[in-house]
Amino acid sequence: MTDAPGTTALPAEGVPALRVLDEIRALRAADRPTHGGRLFAYVYDPGVAGLDELAQAAYAESAHVNGLDPTAFPSLLAMENALVGAAARLLGGGPGTNAPEVVGNVTSGGTESLILAVKAARDARPDVAEPRIVVPVSGHAAFAKAAHYLRVTLDPVDVDPVTLRPGVADVAAAIRPETVLVAASAPSYAHGVVDPVAEIAAVAGAAGVRCHVDACFGGWALPWLRRLGAPVPAFDFAVDGVTSISVDLHKYAYAPKGVSVLLHRNPALRAPQYFAYADWPGYTMINPVIASTRSGGPIAAAYATLRHLGEDGYLRLAEQTRAAVTGLADAVRAVDGLRLMAEPQSTVVCFTTDGDPDLDLFVLVDELTARGWHTQPQLRYAGLPASVHLTVTASVAPRVAEFGPALIEAVAAARAAGPVALPPELLALAGSLSPAALTPELIAGLAAGLGLGAGPAPDRMAAVNTLLDAAPVALRERLLAEFVGLLQRPTF
Ligand SMILES: *Cc1c(COP(=O)(O)O)cnc(C)c1O
């Protein structure tokens, strides 16, 4: 055996099981920490002892079951229907509610849920040759991906620079005869603010247009926060005019990755989501979601997670999360030179600098990383400053007391280090270059100059972020696609 782990997946001679697992653990050591409450994006950690083991066992039990055919594997159908029922009930649907006929499906994630919401809306209107969707710019990028994949035109609606919410009159004005869907977020991922869902759904309804509430992030958090007394505005099926809602179970339901739920107010609204095909000699294909073969693993793991935690468990976790949000926001407020982008309304803390040129936000992010706090930088956009995003989960609560001092230290270190100084020619290039002018040589040169060669990303990303921040949107997209493409090369 001469192959190093992570180079080839298919050695000439099979590797013993325990050694393979050791190899994976060795590779995992380079990853950011998925547990422990110091990674504020990508992962959702409840910090509940034994929950991982339960989810893993449930996953293993159903990993080879195929969701392709619900009649062949009724176990999966039962668990999927139970998950959809739980999500529906949490979000104002089910018997005795404003949405008694609610239906839904489990998808692989929020992006798939949004693509399918757009697809259902598009295909419900075969009379519209060039369909359009209205989405606030604070809406998740997955709406743009849906529009791109489905050849639907995206009509963005600006958000107020202070409230970070779209104005209802602007949403109404963006609706055209070709509009098939209007979107709202509960809350937005970037800033964690809840859109005025009731007002948006009302203008959509008045125009006879579907209204999707993207509660991928908050759908499994806001209802518990409301039960704890937080002033959560109406955002679910209690609101007339809301036709569909997405909620990611792999976020605040704390299920392992690969599970979101897309709900429709009634079966007729869902009908155009299905793809059915009998015009070939094989089995008739009837798919409610994008994938055809689907592993039962994620569904079983989510089912086990929900059953084990129960309502009391989620309430407890929401209480811890709320305490963590309050503590983190206080820590930000206490630092001179930082300000919250918005008062935390859900489970996001988002902050920026107050404009002091000596305090570079991207350097601050690196200084926090160097101290073991992994935050998510967000580039400036349409009049909004660059910001730092913190997704807060229950596991953060025991860490909060350490965050304040670390933040103070990191801010001092960032001030001492001073802002990133890229060569002015490079910044000018980033500001003026058109994506079409990017040659492979130029990209390779830029990547090398920024330390983005093969191998793991550099510890300090401030230079990369500064360059991207200076670049217009189209160039950011192209540069990042190229940089990531450089990483995604096979090992032989
Ligand atoms: C995470 C998220 C999505 C996309 O979900 P994925 O599971 O990453 O595909 C969509 N909308 C919002 C508001 C989100 O937070």
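Both ligands and their constituent atoms are indexed starting at 1 by order of listing.
Using a 4.0 Å cut-off to heavy atoms of Lys251, the atoms of ligand 1 that qualify are 1 (C), 2 (C), 3 (C), 4 (C), 5 (O), 14 (C), 15 (O). Near Thr111, meaning under 4.0 Å from one of its heavy atoms, ligand 1 places the atoms 4 (C), 5 (O), 6 (P), 9 (O). With ligand atoms numbered from 1 in the order given, ligand 1 contributes 7 (O) to contacts under 4.0 Å with heavy atoms of Gly109. The contact set between ligand 1 and Gly110, taken as ligand atoms under 4.0 Å from a residue heavy atom, comprises 4 (C), 5 (O), 6 (P), 7 (O), 9 (O). The ligand atoms of ligand 1 that sit less than 4.0 angstrom from a heavy atom of Asp214 are 10 (C), 11 (N), 12 (C), 13 (C).
Taking a cutoff of 4.0 Å between a charged side-chain nitrogen and a carboxylate oxygen, Arg294 and Glu80 qualify as a salt bridge. Of the charged side-chain nitrogens involved, at least one lies within less than 4.0 Å of a carboxylate oxygen, so that Arg460 and Glu367 count as a salt-bridged pair.
Heavy atoms of His250 found under 4.0 angstrom from ligand 1 belong exclusively to the side chain.
Considering every non-hydrogen atom in both Arg339 and Val332, the closest pair reads C-CG1, 4.3 Å.
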Would His389 and Ser387 satisfy side chain to side chain donor-acceptor pair (under 3.5 Å), going step by step from the backbone distance to the final call? CA-CA 6 Å; His389 168 106; Ser387 58; over 6 Å; no

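Atom CZ of Arg333 has more than 12 heavy atoms from other residues, nucleotides or ligands within 6.0 Å.
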